[in-house]
Amino acid sequence: MMEKEVVLNQTHSRHPLLWLIIIFQFSLLFFSAFSAEITARFVLSSPSTFSHVFLLCFALFNAMKVIINNGIVEVTIEKPTGHLLGIKYNGIDNVLETKNDNDNRGYWDIVWDHDMYDKLATRHVIIITESDELVELSFTRVWNKTKDHDISAPVSVDKRYIVRRGVPGVYMYGIFKRRKYFPHTYIHQLRIVFKLKEDKFHFMALSDTQQRIMPRREDREHSHCQVLAYPEAVLLTNPINPKLKGEVDDKYQYSIESKDNKLHGWIADHDAVGFWIITPSDEFRTGGPHKQDLTSHVGPTALSMFVSNHYTGKDIAEFYKEGVAWKKAFGPVLIYLNSATFDHAHRYRKSLWKDAKKRLSKEIKSWPYSFAASKDYPHADHRGEVSGQLQVRDKYVSFLLLHLIHLVFPKLIFALFSRLRYLHKQLMKAKSAFVGLAAPGRAGSWQTEGKGYQFWTQTDRAGHFSIKNVRRGKYNLYAWVHGFIGNYKLDRNVSVHPGHKKNLGTLIYDPPRSGPTLWEIGIPDRTAAEFFIPDPNPTFVNSILNHEGEKFRQYGLWDRYSDTYPHHDLVFKVGASNYSRDWFFAHVPRRTGNDTKATTWKIKFRLQEVKKSGKYTLQMALAAANFAEVQVRINTPDGSPHFTTNRIGYDNAVARHGIHGLYRLYSINVPGKGLRGGNNTIFLTQTRCKDEFMAVMYDYIRLEGPAV
């Protein structure tokens, strides 16, 4: 419920107002006969007034546009381009920036092939639905090889707008289609962009903790800021709001994982009005639940991201081959507006945010929507459900107690393991595991899958899962389990049919394991969040990231490695060091003046006894990699490496303030003859050092003994 002292206002139309609108429209009918260009206007009646939709045509400034009005919001769309020109709400004539051109207010855009850019202007508009409950419009463009080759992205577009009675906002979704004869192309980015009124929307909200007054667009101009290591990051030196002086602004600091990127937006303080993007499902996004992407940033700009290579680079599927047809629906998303009573203590901000969260919950419960008319957007009765239970079978115990026994009683440990062989038959419940359906591929391929739909959920405490509202199709079932390395994939396809519920029964995940754990560093959670994250340089702070869980998004943390280790590289001593304090979150090059050089980290450990004929295994899980190469050497810092990853990764997670990018796992065979009883050292060298962002993040490292 809203706080009593703050009242949310959602002004509905009254009888006199509607009569005035109707009289005004009929009075304009006469003039429409003299206009060569016609505007269509739809007025959705309030529930308490008329029972049908009035469709009236009239001339307006000789401009081609469509206006939809439900008595709460008035949505204006350019005809036939489909660009969103304006949203009128609660006394604000237009929440979008009217100083901008028509194609720079609310628009879809796509980046394709070699950074070619297209705002997807359409050529035709038709009425899909007109009733007393809603209006749905379709703006289309069919790609034509003669007209569009090398000018617009080779994809046909159907942009949809829906305005519903009683809903203060507009739903938007799009259907994108490629026929077999379309030329091959790369699609790097697809999104909807909203440029809000610059003199009104200054307060941004991304989560319960990430909220603040933002810099202005002018603050990022050269006279007001200093550009840092790359153009997106600036230090505010002379901002319009002096309270922001000395802060860093970078749009990548506001990125959020797809599973959490459901609500963000802006507040116009003077009007106590909120503008929100609500995304009730992420089934149409690329890269699975953990892919990070942009949200809102200085402008004021709000984004609905559907496709991008942020935090993945070109490893994600971007190539669309000639001869292969493709079609996908993105959205719907809801552009939601709300208002509250102004107060000087800014309590309305909290109320607007709480109301937006409440609306998000309502939209999630309503998904999939029953009112979207496209046949490419199936309703609930045309979707299926997949359920089951996931359990984990790990062959060996890796508890700290056994490690301590190994250190104190080295001969006893092997006898103990031989007595515990029965443990491989015991199953552990996969609590809070991520389980999902995605396009068929290899285990873990979902994180680079970009063309199809994905459906994810988390298991309960007993490992049970239910994936609901799945589109018809053939999928693989994938999973990963917190606390265990590797990727799970069911060894058969899963076919989903409308209205059917499929129970897969109990599924067993055998994570990669060659032998008992001798030591481990970190937590297998696909991030570097558990490792040491330094405080930012006081010169480069963004105050929206003051909470501990968001510290990794502060600017310049890569430079803190050289500050933390000014004379030598990191040394980790198993049994003495603490990974949350002594293992830096990113393996980056060392800064030496204006240059950077490769760095070698050492892991020092003792083995009381070594089986020279045995096979040991180093499990090395990476949370991110960007133009990096990790070379592994055993007990010698020089010479040919025992193992190398070769050059890997494009995710740029360090520069873009991510705590992870793409997950990789390497199971490295270590012959016993390369180890020795007593002291040992593993050398990890990140060899690539052309710039400071060539780096890896480790997720987890474990040395396993020979199989028992």
Side-chain angles (χ1 to χ4, degrees), residues 10 72-73 75 87 106 108 133-134 136 159-175 190-192 194 205-208 256-266 274-296 302-308 328-338 352-374 376-386 434-438 452-458 465-471:
Q10 290 184 356
I72 308 173
V73 294
V75 179
I87 303 176
W108 291 74
E133 293 300 323
L134 63 85
E136 179 169 350
K159 300 186 293 190
R160 300 290 184 100
Y161 290 87
I162 300 174
V163 176
R164 301 175 63 203
R165 185 172 66 178
V167 177
V170 55
Y171 295 86
M172 298 175 64
Y173 68 112
I175 300 96
L190 177 66
R191 63 183 185 173
I192 311 176
F194 303 93
L206 309 178
S207 68
D208 289 339
I256 296 177
E257 283 192 355
S258 183
K259 65 183 175 61
D260 303 316
N261 187 359
K262 298 182 181 300
L263 171 67
H264 61 90
W266 293 81
F275 178 100
W276 311 101
I277 297 180
I278 292 179
T279 309
S281 171
D282 55 4
E283 67 182 48
F284 40 79
R285 287 180 175 149
T286 59
H290 308 294
K291 186 183 182 305
Q292 302 162 91
D293 222 322
L294 301 174
T295 55
S296 290
L303 302 174
S304 180
M305 300 294 300
F306 299 121
V307 175
S308 87
K328 187 173 181 180
F330 296 93
V333 297
L334 171 61
I335 310 310
Y336 178 68
L337 294 102
N338 58 2
L352 291 170
W353 175 249
K354 287 178 64 178
D355 176 68
K357 289 171 62 178
K358 183 178 178 180
R359 186 73 201 197
L360 169 62
S361 297
K362 182 176 181 179
E363 298 300 320
I364 291 174
K365 291 177 182 177
S366 300
W367 187 272
Y369 296 135
S370 60
F371 52 82
S374 173
D376 297 307
Y377 177 77
H379 298 171
D381 58 348
H382 284 78
R383 296 179 178 232
E385 181 177 335
V386 176
F434 283 86
V435 182
L437 295 167
Y453 301 95
Q454 299 198 27
F455 303 86
W456 288 84
T457 190
Q458 279 189 273
F465 63 88
S466 178
I467 307 173
K468 300 179 179 179
N469 297 315
V470 182
R471 289 169 170 262

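Start at 1 with the first residue, then count along the sequence.
Counting only heavy atoms from C-beta outward, the side chains of Arg359 and Val167 approach each other to under 4.5 Å. Counting only heavy atoms from C-beta outward, the side chains of Ile277 and Phe194 approach each other to under 4.5 Å. Proximity of Lys259 to His290: side-chain heavy atoms (C-beta onward) are separated by under 4.5 Å at one or more points. For the pair Asp293/Arg191, no side-chain contact is recorded, criterion being any heavy-atom separation below 4.5 Å from C-beta on. Trp276 places none of its side-chain heavy atoms less than 4.5 Å from the side chain of Leu360. Between Val470 and Tyr453, the closest side-chain pair of non-hydrogen atoms is not below 4.5 Å. For the pair Leu134 and Val163, the minimum side-chain heavy-atom distance is 4.5 Å or more. Counting heavy atoms from C-beta outward, Glu136 and Phe371 have side chains that stay 4.5 Å or more apart.
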Evaluate Thr295 against Asn261 for side-chain contact (heavy atoms from CB on, under 4.5 Å), listing each step before the verdict.
CA-CA 8 Å; Thr295 55; Asn261 187 359; 3.7 Å; yes

Under the criterion side-chain contact (heavy atoms from CB on, under 4.5 Å), I'd like the reasoning laid out for Val170 against Val73: C-alpha separation, chi angles, the key distance, then a yes or no.
CA-CA 8 Å; Val170 55; Val73 294; over 6 Å; no

One pair to check against side chain to side chain donor-acceptor pair (under 3.5 Å): Tyr173 and Asp376. What are the steps and the verdict?
CA-CA 11 Å; Tyr173 68 112; Asp376 297 307; over 6 Å; no

Does Phe275 form a side-chain contact (heavy atoms from CB on, under 4.5 Å) with Ile87? I'd like the steps, not just the answer.
CA-CA 10 Å; Phe275 178 100; Ile87 303 176; 4.3 Å; yes

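Across Gly169 and Leu337, no two heavy atoms sit closer than the pair CA-CD1, 4.2 Å. Contact detail for Val333 and Thr279: the closest heavy-atom pair is CG1-OG1, 3.8 Å. Of all non-hydrogen atoms in Arg471 and Pro378, the two that sit nearest each other are NH1-CD, 3.2 Å. Of all the heavy atoms in Ile175 and Ser374, the pair that sits closest is CD1-OG, 3.6 Å. Of all heavy-atom pairs spanning Ile335 and Met172, the tightest one is CG1-SD, 4.0 Å. Heavy-atom minimum distance, Pro289 versus Glu257: O-CB, 3.9 Å.
Legend: residues meeting ring-ring contact (aromatic ring centres under 6.0 Å, His included) with Phe465, ordered by chain and number and at least two apart, are absent. Here Asp260 pairs with nothing under the salt bridge (charged side-chain N to carboxylate O under 4.0 Å, His left out) rule; sequence neighbours left out. Ser466 is linked by a side-chain contact (heavy atoms from CB on, under 4.5 Å) to Glu385, Ser387, Lys468, counting only residues two or more places apart in sequence or in another chain. Phe306 meets the ring-ring contact (aromatic ring centres under 6.0 Å, His included) test with Trp108, Phe284, Phe330; sequence neighbours excluded. For Pro280, the side-chain contact (heavy atoms from CB on, under 4.5 Å) test picks out Ile278, Glu363, Ile364, Trp367, Tyr369, with sequence neighbours left out. Residues passing the salt bridge (charged side-chain N to carboxylate O under 4.0 Å, His left out) test with Lys262: none are found, sequence neighbours excluded.
Side chain of Arg285 to backbone of Ser258: a donor-acceptor contact under 3.5 angstrom is found. Under the 3.5 Å distance criterion, the side-chain polar atoms of Tyr377 are left unmatched by any main-chain donor or acceptor of Gly331. Between the side chain of His379 and the backbone N or O of Ala373, no donor-acceptor pair lies under 3.5 Å.
Partner of His264 under the side-chain hydrogen bond (donor to acceptor under 3.5 Å, both in side chains) criterion, chosen from Ser304, Ser207, Ser296: Ser296.
Salt bridge Asp282/Lys291: absent, no basic N to carboxylate O contact under 4.0 Å.
Once rounded to the nearest 0.5 Å, the distance linking CG of Leu303 with CG of Leu294 reads 6.0 Å. In this structure, Asn338 CG and Trp353 CH2 are separated by 11.0 Å, a value rounded to the nearest 0.5 Å.
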